[in-house]
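Below is one structure, written out as structure tokens; the observations come after it.
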Amino acid sequence: METYRGVVYPNQLDHMGHMNVQWYTSKFDEGTWHLFSSLGITSGYIRENNKGMAAVEQLIKYKLEAMAGDLIVIKSKVLEVKNKSIRFIHTMYNVETGDELATSELVAVHLDRVLRKTCNLPDFVKKNIDDE
């Protein structure tokens, strides 16, 4: 599913002229919140239930450079769901060329924000994944 669409701005470039790694991470993070929302882990759910999600593992692979003015899209997929965690992958593409620019595979855990401990994902998360 598409979870992010945007553009590479000149202020996002590093001294070598391509998008700096901090911006890949930022754009992947924005995609993560859209993915979570599609599963029912919305900002409302987080606030109303004192729950949250936290990344505990991330592997980014940079494949091609993103340059100023490039339009990008991120598509995301859930790879695995366990009782307390979700493993998923984002793939970033150049909209114009269709080239794969980077991937980011993450593991995130569901948290009780009061106890500051992991807790089971709500049942509706697995149902929403199955419905996709």
Output for pair (F28 CZ, I60 CD1), nearest 0.5 Å, gives 6.0 Å
Keeping D112 on the side-chain end and V114 on the backbone end, is there a donor-acceptor pair under 3.5 Å?
yes
About how many Å separate CG of L35 and CG of L106, when rounded to the nearest 0.5 Å?
10.0 Å
Heavy atoms of T3 and G31 approach each other most closely as CB-O, 3.4 Å
Whether over 12 other heavy atoms sit under 6.0 Å from E96 CD:
no
Any sub-3.5 Å donor-acceptor pair from T25's side-chain atoms to V21's backbone N or O?
yes
Quick check against the 3.5 Å criterion: does D70 have a side-chain atom that pairs as donor or acceptor with the backbone of A66?
no
Quick one: are I41 and V125 in side-chain contact, heavy atoms under 4.5 Å?
yes
Heavy-atom neighbours of D123 CG exceed 12 at 6.0 Å
no
Would you say Y4 and D29 make side-chain contact, with heavy atoms under 4.5 Å?
no
So how far is it from M19 CE to S26 OG, rounded to the nearest 0.5 Å?
9.0 Å
Say whether, by atom type as modelled, one donor and one acceptor occur between the side chain of K84 and the main chain of A108 under 3.5 angstrom.
no
Please say yes or no: joined through hydrophobic side-chain contacts below 4.5 Å, possibly via intermediate residues, are I72 and L64 part of one cluster?
yes
Looking at CD of E65 and CG of D14, how far apart are the two atoms once the value is rounded to the nearest 0.5 Å?
8.5 Å
Count the heavy atoms of every other residue, nucleotide or ligand shown that sit under 6.0 Å from NZ of K75, and state whether that count exceeds 12.
no
Do L13 and N20 come close enough that some side-chain heavy atom pair is under 4.5 Å?
no
Between F124 and W33, is there a shared hydrophobic cluster once you connect ILVMFWY residues whose side-chain heavy atoms come closer than 4.5 Å?
yes
Report whether M1 and V73 are members of the same hydrophobic cluster (ILVMFWY, side-chain heavy atoms less than 4.5 Å apart, transitive linking).
no
Closest heavy-atom pair, N128 versus S38, reported as atoms and distance to 0.1 Å, is CB-O, 4.1 Å
Nearest 0.5 Å, please: how far is CD1 in I86 from CD1 in I129?
5.0 Å
Mind checking what makes ring-ring contact (aromatic ring centres under 6.0 Å, His included) contact with Y9, not counting sequence neighbours?
none
Please enumerate all residues that pass side-chain contact (heavy atoms from CB on, under 4.5 Å) together with E100, with sequence neighbours excluded.
K63, T91, Y93, T103
Test your reading of the model: is there a side-chain donor-acceptor pair from R113 to the backbone of M53, 3.5 Å cut-off?
no
Establish, yes or no, whether a centroid distance under 6.0 Å links the rings of F36 and H34.
no
Connected via hydrophobic side-chain network under 4.5 Å: I46 and L121
yes
Side-chain heavy atoms under 4.5 angstrom apart, residues restricted to Ile, Leu, Val, Met, Phe, Trp, Tyr: same cluster for M67 and W23?
no
Test side-chain hydrogen bond (donor to acceptor under 3.5 Å, both in side chains) on S76 and H90; report intermediate values, then the result.
CA-CA 4 Å; S76 306; H90 298 300; 2.5 Å; yes
When rounded to the nearest 0.5 Å, the distance separating CD of E105 from CD1 of I89 is 5.0 Å
Where at least one partner belongs to residues 39-49, residue pairs that pass side-chain hydrogen bond (donor to acceptor under 3.5 Å, both in side chains), sequence neighbours excluded:
Y45-H110
